[in-house]
Amino acid sequence: MAERILMSSPDVTQAEEDAVVAAMRSGWIVPLGPDVDAFEAELAARVGVGHGVALSSGTAALHLGLLTLGVKPGDVVVTSTMTFAATTNAIVYTGADPFFVDADETTGNMDPELLRIALEQLRSDGAHVGAIVPVDLLGKTVDYTAILAIAAEFDVPVLADAAESLGATHRGRAAGSFGQVSAVSFNGNKVMTTSGGGMLLTDDEGIAQRVRYLATQARQPVTHYEHVDVGYNYRMSNLLAALGRAQLKRLDSMLARRREMRELYKDVFRQVPGVEIFGGADDAEDNAWLTSILVDRESAGWEAGELSAALAADDIESRPIWKPMHLQPVFAHHRGILTGTSERLFARGLTLPSGSALTGPQRERVFESIGRFLRGR
Ligand SMILES: Cc1ncc(COP(=O)(O)O)c(C=O)c1O
């Protein structure tokens, strides 16, 4: 049987292997070193911000971002319901109370008008809103123009969850450069990877310094291990930073492969009634991390789950779009402004293999499987 095709597997070459071996031979096999420093500088320059702090995960970047923005137990943090659990987990780690905002129908991203309603409601309830955490869903940025204006009006800082959107832009400006702080992820399934890792990006030098300090167990600069704060062991290993640097050099070509896959899906589904590519037409700014389709059962005559089952039978991975956080048993007791949009997207959406490492024959297998399914309807 042919090997299983995954939605987004790591795309590594000889260049990455050489970089990791060189870092290993350099002796810097610790969570600091020249590759960490260079990776931070190179990614910050690519995104156009002053500072990057390389960390062990995107979740760590979210957690420390919230702490350095001053989020504390009892605060409310307003966030997208349509996201991966890591966003909400990081909020809960701080002791704050997540408040979910439903999605815009076209992009699945936080609806700015609902954000305004949420902030008005929370203000009249007397709640202290510590931060807003909008999430760039599947590689398409939120409407930062609208969201940052509303945040400024209510005087609330923004931590942008750009875990999925590295390489995307909003009105020409890079994802990862919005808000007081942004968090990106280099998990194995992202557009570029360090196997596991993340980075906090900011223009605020004080925030960057504080995050670096908290991420290294909050050690005071003395020899005898003095601590005045609770710290975390969240720094990125130098070996993984070397891998990240090699990936960053290939980022544009990897993004081009994902965009190519998006175009191929568009060609396949253009003629299929009841199916649309999720995310709207404006995808020049999208990094095409994952391509999803929305299936309208009435006009298609089939539903997303049936295509998913057909792909699974051919050993090809596909999944629904994120299950909204307000539907998750662990988070269902938190409040939100909910309209049903994210639930509809969850019910109708299917995410398809989108990775840049997919070979020609693997792509063919995916399209043959989809073709067979469609012909059989
Ligand atoms: C929206 C979102 N936020 C945060 C994360 C967490 O990143 P990491 O896996 O690097 O901790 C991810 C992905 O894993 C994500 O998709």
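Just so you know, ligand 1 is whichever comes first in the structure, and atom 1 is the first atom listed for that ligand.
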hydrophobic_cluster_shared for L290 and L311, side chain cutoff 4.5 Å: no
Polar side-chain atom of D314 near backbone of S369 as donor-acceptor pair, under 3.5 Å: no
Protein contact of atom 14 (O) of ligand 1 - nearest heavy atom, named by residue and atom, plus distance: K190 NZ, 2.9 Å
Chi angles and distances behind the side chain to side chain donor-acceptor pair (under 3.5 Å) call for T141, D136: CA-CA 4 Å; T141 68; D136 298 337; 5.2 Å; no
Over 12 non-hydrogen atoms of neighbours within 6.0 angstrom of CZ in R377: yes
Side chain, backbone, both or neither: the part of A86 lying under 4.0 Å from ligand 1 by heavy atom: side chain
Ligand-side contact atoms (ligand 1) for residue partner T87, heavy atom cut-off under 4.0 Å: 1 (C), 3 (N)
Ligand-residue contact atoms, ligand 1 with F84, heavy atoms, under 4.0 Å: 12 (C), 13 (C), 14 (O), 15 (C), 16 (O)
Donor + acceptor pair across side chains of T202, H51 (<3.5 Å): no
Sub-4.0 Å heavy-atom approach of A183 to ligand 1: no
Proximal atoms of ligand 1 relative to A163 (non-hydrogen, under 4.0 Å): 2 (C), 3 (N), 4 (C), 5 (C), 12 (C), 15 (C)
Residue S185 vicinity, atoms of ligand 1 by number, heavy atom under 4.0 Å: 7 (O), 8 (P), 9 (O), 10 (O)
For E164, the ligand 1 atoms whose distance to one of its heavy atoms is below 4.0 Å: 1 (C), 2 (C), 15 (C), 16 (O)
Heavy atoms from other residues, nucleotides or ligands near CZ of R4 exceed 12 (cutoff 6.0 Å): yes
Enumerated ligand 1 atoms positioned under 4.0 Å from heavy atoms of G197: 10 (O)
Those atoms of ligand 1 less than 4.0 Å from some heavy atom in V135: 1 (C)
Ligand 1-proximal atoms of T83, by part, heavy-atom distance under 4.0 Å: side chain
Other residues, nucleotides, ligands: >12 heavy atoms within 6.0 Å of D125 CG: yes
Ligand-residue contact atoms, ligand 1 with N187, heavy atoms, under 4.0 Å: 9 (O), 14 (O)
Identity and separation of the nearest protein heavy atom to atom 3 (N) of ligand 1: D161 OD2, 2.8 Å
Criterion ring pair (Phe, Tyr, Trp, His ring centres under 6.0 Å) on F178 and H170, from CA distance to verdict: CA-CA 9 Å; F178 294 94; H170 170 71; 5.7 Å; yes
Geometric cation-pi criterion R171 and Y144, 6.0 Å radius, 45° cone: no
Nearest-neighbour protein heavy atom for atom 11 (O) of ligand 1, which is reported as residue plus atom name and distance: T59 OG1, 2.5 Å
